[in-house]
Amino acid sequence: MRASRLFFPTLKEDPAEAEAISHKLSVRAGLVRQLAAGLYIYLPLGLRVIDKVNSIIRQEMNAIGAQELSMPVLQPAEIWKQTGRYEEIGAEMFRLRDRGEREMVLGMTHEEIITWLAAGELRSYRDLPQVWYQIQTKLRDEARPKSGMLRTREFLMKDSYSFDVDEEALEQSYQLHIQAYDRIFERCGIEFYRVESDPGMMGGAMAHEYMAPSPAGEDEVAICTACGYAANLELAHSVPDHPEYPEPVMNEVATPEVRTIDEVSSFLDISPALLIKSLLVMAGEEPVLVMLRGDQELQETKLAHKLGEFRQAHPEEIQKHTGANAGFIGPLELDIRKIADQSLREGVFVVGANRDGYHVRGVKAGVDFQAEYHDIRRVKAGEKCAHCNVDLKVERVIEVGNIFKLGTKYSEPLGATYLDVNGKERPIVMGSYGIGPARIAAAAIEQGADDKGIVWPASIAPFSVHLVLVQPKDSGQTAIAEKLFSDLRSAGIEVLLDDRDIGPGAKFADAELLGCPVRATVGKRTVADGEAEIQLRKGGEEHKFEIGTATAQISSLLEQI
RNA sequence: CGGGGCGUAGCGCAGCCUGGCAGCGCGCUUGCUUUGGGAGCAAGAAGUCGGCGGUUCAAAUCCGCCCGCCCCGACCA
């Protein structure tokens, strides 16, 4: 491709609306343009990157025997009603009516449709297993699109679905996807973790997420560098440290206008870890007192697993159920359901007295109050791994892929069954597996970029070689550059020839902004000494190759990257 | 949905408080020069100041309503 003909509007300045590095750079490098909130146009360079990612995905999916197909984005609402998700999902799903007033939806995922297909076509255990996938547009009316390509309302997803006879066979399909996914993310050149994740509303027992570390991410994971334990913070476990507890002598202490953990701990001059943080939540109509150590935070997803849907109690509700205001509530003499974090099982704490202006010291769990104990706290960096007792680290990550064991959550309501060897009808056991190609690209930018621009992993760069022709008006330089351009392409290397009639500084700056792995420069020095200058975008390493051998040399450089 | 910020030329922004000619930088067009790190000089084109309504002799500027975009939170198969 010639830069003089390529549509890649680069910008010197960061776009005003961008915050994330990947967002700024993908706009500046002319990869994308924003149409509206959460809606992006992929320009030629951006599309090339996505195509490269998709091509890697296809190769690895095909390698595990998955078969590509393509399903409609526009779908009848009826199928979603059958699985109950039409009501469950709410405002995030785009809904519309066709001219015949039939209710339709725009697909935010395709479990329903693929299961409908399977229900009609898969009949016998002989037909199984199957793995079907597509790379298809999804639409979600996101509450808050953000961070450029990281959370959009319309986006491409590779989604695959496995169909098996039983749980054991599903485990094999699941493992095959782990293999494929590991290879996909490795080949795309991004750093990633495979972490345990919350199966959530997808149902099913097991789920993992593929997470690319980046400060632009929306999730956090706990990682043990020693034993490899890795889990989304929504469900990560840890062993908390043990503070030194005082003598269990119970007495009430006046704490006027001292409400927050910080205020109470400094007023009493004790560590926050010696306080119990009491929160009143409403699970439907039922008030529940939730207790954590003062230095810990509630992990709401964990609590939701125990309580179902819940919300924070309003001030009037707190007053009504405890007799005190927020800041002074606690478990003593309180006849409502109580859930405490496991770290409160032992120890002696200060709690709110359920009387404004007072706290109680020397309170022992199990002695002075009873509660259900569950792990409901958020893991903090520095807490110990539950498996090997080494310090955990907590990192912010971008979710680039996920894999779920669905079981029969969709096959049962949609009647996707098969006849087993004994002629007995059984539901197909399913798995669901997603990858966001644009998030891979964004993660690659986030992880690789430097102050000059993007640094692409070679496998997904829009071009392998950015060939800078310094002076296109010089026939000597042009002849050499054209020859190299043509030789490189003959060698199967994708090359962008910058033949634009602009200053050399602008060309170099654009080359750095675009971030192709190899830059080759042909200028007056090349005419003089017959050597092409090669610079690697990553690390900036420079080489000079005699022009006759340049193609072979660049080829071997690219293989090493 | 709650909180905050922003909306002025293609892009980045000033002007608004204190009403009175719509500006700056980059980009764009033309010409000449220049050509290994975002070139110089000269001449130009380009704006319903987000929209609607109000106040006023006069509104980018003050007031009201609406729309859009970004950030924090809630939410996130």
Side-chain angles (χ1 to χ4, degrees), chain A residues 9-20 23-24 27-28 30 33-39 80 83-86 88-94 105-115 138-148 150-153 155 157 159 161 197-204 207 209 216-219 232 234 300-301 304 309-312 399 402-404 406 409-410 432-434 436 452-453 468-474 477 498 500-513 519-529 532-533 535 542:
Chain A
T10 58
L11 300 172
K12 274 192 205 176
E13 289 169 294
D14 285 335
E17 71 277 5
E19 192 88 356
H23 188 191
K24 288 178 182 169
V27 173
R28 281 190 53 205
R33 283 295 182 266
Q34 181 175 3
L35 174 65
L39 298 175
W80 288 80
T83 61
R85 287 165 110 193
Y86 188 77
E88 230 171 82
I89 286 174
E92 206 179 332
M93 182 151 60
F94 284 104
V105 305
L106 298 180
M108 47 193 303
T109 176
H110 283 77
E111 278 82 14
E112 275 77 2
I113 308 308
I114 200 112
T115 309
K138 312 286 185 201
L139 289 128
R140 296 183 187 176
D141 196 358
E142 288 286 349
R144 180 146 95 89
K146 60 184 209 177
S147 307
L150 287 179
R151 182 166 290 274
T152 53
R153 293 192 290 175
F155 60 100
M157 184 193 275
D159 47 322
Y161 305 90
S197 74
D198 183 0
M201 302 302 283
M202 292 296 285
E209 288 165 329
E218 297 182 274
D219 289 291
N232 192 310
E234 287 177 356
E300 299 190 2
T301 316
E309 258 187 56
F310 70 91
R311 60 168 173 83
Q312 285 200 336
E399 181 186 351
N402 54 37
I403 55 181
F404 288 97
L406 296 175
K409 172 167 171 139
Y410 298 94
S432 161
Y433 317 85
K452 293 196 171 72
V468 175
L469 167 55
V470 175
Q471 181 42 269
K473 285 181 178 161
D474 180 301
Q477 292 179 35
D498 195 344
R500 292 175 297 170
D501 183 20
I502 58 172
K507 291 190 178 187
F508 292 133
D510 272 350
E512 277 144 2
L513 181 59
R519 186 183 87 195
T521 307
V522 170
K524 64 184 176 201
R525 298 210 286 261
T526 318
V527 176
D529 61 17
E533 289 164 49
Q535 189 176 50
E542 292 186 54

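Residue numbering restarts at 1 for every chain, and letters A, B, ... go by the order of the sequence lines. Everything numeric here is computed off the predicted structure, so don't read it as measured data.
Of the nucleotides present, C41(B) is the one that pairs with G31(B) by Watson-Crick or G-U wobble criteria, both distances under 3.5 Å. Across the strands present, C52(B) finds its partner in G64(B); the criterion is a Watson-Crick or G-U wobble pair with both atom distances under 3.5 angstrom. Summarising the base pairing, C21(B) is matched to no nucleotide, lacking a Watson-Crick or G-U wobble pair whose two defining distances lie under 3.5 Å. When both pairing distances are held under 3.5 Å, A74(B) makes no Watson-Crick or G-U pair with any nucleotide shown. Nucleotide A14(B) has no partner under the Watson-Crick or G-U criteria, as no pair reaches both atom distances under 3.5 Å. Across all strands shown, C69(B) forms a Watson-Crick or G-U wobble pair with G5(B), both key distances being under 3.5 Å. Applying the Watson-Crick and G-U wobble criteria (two distances, each under 3.5 Å), G36(B) pairs with nothing in any strand.
Separating the CZ atom of F404(A) from the C1' atom of C76(B) is a distance of 11 Å, rounded to the nearest angstrom. In this structure, Q312(A) places its CD atom 12 Å from C1' of G73(B), rounding to the nearest Å. Atoms CZ (R151(A)) and P (C72(B)) sit 12 Å apart, rounded to a whole Å. Whole-Å rounding puts the E142(A) CD to C75(B) P distance at 13 Å. Taking atom CZ of R33(A) as the reference point, atom C1' of C69(B) lies 16 Å away to the nearest angstrom. Distance CG (D141(A)) to C1' (A74(B)): 16 Å, rounded to an integer number of Å. In this structure, OH of Y86(A) is placed 19 Å from P of A77(B), rounded to the nearest angstrom. In this structure, D219(A) places its CG atom 12 Å from P of C76(B), rounding to the nearest Å.
Among C72(B), A74(B), C69(B), the nucleotide with an atom closest to any side-chain atom of A143(A) is A74(B).
Here, C52(B) and C67(B) have their P atoms 15 Å apart, quoted to the whole Å. Rounded to whole Å, the C1' atom of A60(B) lies 7 Å from the corresponding atom of C16(B). A gap of 22 Å separates the P atoms of U48(B) and G44(B), to the nearest Å. Nucleotides C21(B) and G31(B) are separated by 31 Å at their C1' atoms, to the nearest Å. Between A42(B) and U34(B), the two C1' atoms lie 15 Å apart (nearest whole Å). Across the C1' atoms, G47(B) and U8(B) are found 8 Å apart, a figure rounded to whole Å. Atom P of G50(B) sits at a distance of 8 Å from the matching atom of A9(B), rounded to the whole Å. When the P atom is used for both C62(B) and G19(B), the distance is 9 Å, rounded to whole Å.
To the nearest 0.5 angstrom, R28(A) atom CZ is 9.5 Å from D510(A) atom CG.
Using a cut-off of 4.0 Å between Lys/Arg side-chain N and Asp/Glu carboxylate O, E111(A) and K409(A) are scored as not salt-bridged.
Looking at N232(A) and E399(A), their side chains never come closer than 4.5 Å, going by heavy atoms from C-beta outward.
For R144(A), a side-chain nitrogen or oxygen approaches OP1 or OP2 of C72(B) to under 4.0 Å.
Shown here are the side-chain contact (heavy atoms from CB on, under 4.5 Å) partners of E218(A), two or more places apart in sequence or in another chain: K146(A), R151(A), R439(A). With sequence neighbours left out, K12(A) forms a side-chain contact (heavy atoms from CB on, under 4.5 Å) with no residue at all. A search for side-chain contact (heavy atoms from CB on, under 4.5 Å) contacts involving L39(A) returns L35(A), A36(A), R153(A), E154(A), not counting sequence neighbours. Partners of A216(A) by side-chain contact (heavy atoms from CB on, under 4.5 Å), not counting sequence neighbours, listed by chain and number: A20(A), L150(A), S214(A), E446(A). In this structure, the side-chain hydrogen bond (donor to acceptor under 3.5 Å, both in side chains) partners of T83(A), at least two apart in sequence or on a different chain, are E112(A).
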With the sugar-phosphate defined as primed atoms, P, OP1 and OP2, and the base as all remaining atoms, what B/S/- string results for nucleotides 24-46 of chain B, 5' to 3', for protein heavy atoms under 4.0 Å?
-> -BSS------BBBBB--------
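Across all strands, A36(A) comes closer than 4.0 Å only to sugar-phosphate atoms, never to a base (heavy-atom distances).
Along RNA chain B, the nucleotide nearest Q34(A) and the nucleotide nearest D14(A) are compared for position; the residue whose nucleotide lies closer to the 5' end is D14(A).
Shown here is Q535(A), whose CD atom has more than 12 heavy atoms of other residues, nucleotides or ligands within 6.0 Å.
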